[in-house]
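Quick notes on the structure that follows.
On a predicted model such as this, the values are computed, not experimentally measured, just so you know. Numbers here are sequence positions counted from 1.
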Amino acid sequence: QVHVVESGGGLVQPGGALGLSCVASGSIFSINAMGWYRRAPGKQREYVAALTSGGNPNYADSVKGRFTISRDNAGNTVHLQMNSLKPEDTAVYYCYGDVTPIARSRATYWGQGTQVTVSS
């Protein structure tokens, strides 16, 4: 069984910073990529950032220059450092892992989401 769990959400003022973490665990053979989506109230899920197993980052234009995605040495944990936050960044942030489990086929696993609220 594979689990993906996010943490680190909270309330921050505009212009502030917040860091999120995501851990993939369980019966994992390999992790191909990990990344983040978000869903604002009344809107569909939106791509934020991703990191391949080789460590190459990719960002949505809306967060480029403000957000940074990084990976721990073990490769099963990613972080999303969010700087210069704006009210429009308010959303539930979801982590995903593109995972090949042990003795199972490759699939995408999603975390439960963590709330980020940017407000004064």
Side-chain angles (χ1 to χ4, degrees):
Q1 189 172 356
V2 176
H3 295 92
V4 177
V5 180
E6 311 98 328
S7 62
L11 175 65
V12 64
Q13 294 186 352
L18 199 63
L20 307 181
S21 296
C22 175
V23 180
S25 63
S27 301
I28 297 173
F29 176 77
S30 64
I31 298 176
N32 305 289
M34 296 183 71
W36 297 86
Y37 279 69
R38 66 186 182 187
R39 182 158 56 201
K43 297 183 178 181
Q44 296 187 18
R45 191 171 297 187
E46 174 191 27
Y47 173 78
V48 176
L51 198 63
T52 68
S53 60
N56 296 315
N58 184 269
Y59 300 95
D61 289 340
S62 60
V63 306
K64 192 172 297 183
R66 300 188 297 121
F67 291 11
T68 302
I69 187 169
S70 61
R71 182 188 64 186
D72 283 358
N73 290 335
N76 67 328
T77 302
V78 293
H79 306 274
L80 186 68
Q81 180 61 44
M82 305 182 294
N83 299 326
S84 302
L85 283 162
K86 305 174 181 179
E88 52 262 43
D89 294 317
T90 296
V92 178
Y93 283 70
Y94 297 90
C95 178
Y96 76 88
D98 178 1
V99 175
T100 301
I102 296 174
R104 292 182 180 272
S105 58
R106 179 176 174 177
T108 299
Y109 296 84
W110 291 91
Q112 81 289 346
T114 186
Q115 176 71 48
V116 173
T117 302
V118 184
S119 176
S120 59

All N/O donor-acceptor pairs, side-chain side in residues 78-85, below 3.5 Å, sequence neighbours left out:
residue: His79; atom: ND1; partner: Ser21; partner atom: OG; Å: 2.9
residue: His79; atom: NE2; partner: Asp72; partner atom: OD1; Å: 2.8
residue: Gln81; atom: NE2; partner: Asn83; partner atom: OD1; Å: 3.1

Which side-chain N or O atoms in residues 42-49 pair as donor and acceptor under 3.5 Å with protein atoms at least two apart or in another chain?
residue: Glu46; atom: OE1; partner: Arg38; partner atom: NE; Å: 2.9
residue: Glu46; atom: OE1; partner: Arg38; partner atom: NH2; Å: 3.4
residue: Tyr47; atom: OH; partner: Ala50; partner atom: N; Å: 3.2
residue: Tyr47; atom: OH; partner: Asn58; partner atom: O; Å: 3.2
residue: Tyr47; atom: OH; partner: Asn58; partner atom: OD1; Å: 2.8

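Note that OH of Tyr94 is 10.0 Å distant from OG1 of Thr114, once rounded to the nearest 0.5 Å.
Judged as a disulfide bond (SG atoms under 2.5 Å apart), not a single pair has a partner in residues 39-68 (not counting sequence neighbours). Pairs of residues two or more places apart, or lying in two chains, never qualify as salt bridge (Lys or Arg N to Asp or Glu O under 4.0 Å) while including a residue from residues 11-33. Among residue pairs with one or both ends in residues 90-120, those qualifying as disulfide bond (SG atoms under 2.5 Å apart) are Cys22-Cys95; sequence neighbours excluded. Residue pairs meeting the salt bridge (Lys or Arg N to Asp or Glu O under 4.0 Å) criterion with at least one partner in residues 3-17, sequence neighbours excluded, do not occur; the list is empty. Each salt bridge (Lys or Arg N to Asp or Glu O under 4.0 Å) pair with one or both residues in residues 48-62, not counting sequence neighbours, appears once here: Asp61-Lys64. Under the salt bridge (Lys or Arg N to Asp or Glu O under 4.0 Å) criterion, the residue pairs touching residues 103-120 are Asp98-Arg106, with sequence neighbours excluded.
No side-chain donor-acceptor contact under 3.5 Å links Thr117 to the backbone of Thr90.
When all heavy atoms are compared, the tightest approach of Gly97 to Met34 is CA-CG, 4.1 Å. When all heavy atoms of Pro14 and Ser120 are compared, the closest pair comes out as CD-N, 3.7 Å. For the pair Gln115 and Ala91, the tightest heavy-atom approach, listed with the atom from each and the gap, is NE2-O, 3.5 Å.
Taking Tyr96 as the reference, Tyr37, Trp110 meet the ring pair (Phe, Tyr, Trp, His ring centres under 6.0 Å) condition, with sequence neighbours excluded. Under the side-chain hydrogen bond (donor to acceptor under 3.5 Å, both in side chains) criterion, Thr52 pairs with no residue, sequence neighbours left out. Qualifying side chain to side chain contact (heavy atoms under 4.5 Å, CB included) partners for Val2, counting only residues two or more places apart in sequence or in other chains: Ile28, Val99, Pro101, Tyr109.
Val92 and Phe67 are assigned to two separate hydrophobic clusters, defined by single-linkage of ILVMFWY side chains at heavy-atom distances under 4.5 Å.
Grouping Ile, Leu, Val, Met, Phe, Trp and Tyr by side-chain contacts under 4.5 Å, direct or through others, puts Phe29 with Ile102.
Residues Val116 and Leu20 form a side-chain contact, since some pair of their non-hydrogen atoms from C-beta on lies under 4.5 Å apart. The shortest side-chain heavy-atom distance between Gln112 and Val5 falls under the 4.5 Å cut-off.
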| message | Assess the residue pair Val118 and Glu88 against the criterion (side-chain contact (heavy atoms from CB on, under 4.5 Å)); give the C-alpha distance rounded to whole Å, side-chain angles, the decisive distance to 0.1 Å, and a yes or no. | response | CA-CA 8 Å; Val118 184; Glu88 52 262 43; over 6 Å; no
| message | Using the rule given for side-chain contact (heavy atoms from CB on, under 4.5 Å), can you reason through Val4 versus Val23, listing the C-alpha separation, both sets of side-chain angles and the distance that settles it, and then say yes or no? | response | CA-CA 6 Å; Val4 177; Val23 180; over 6 Å; no
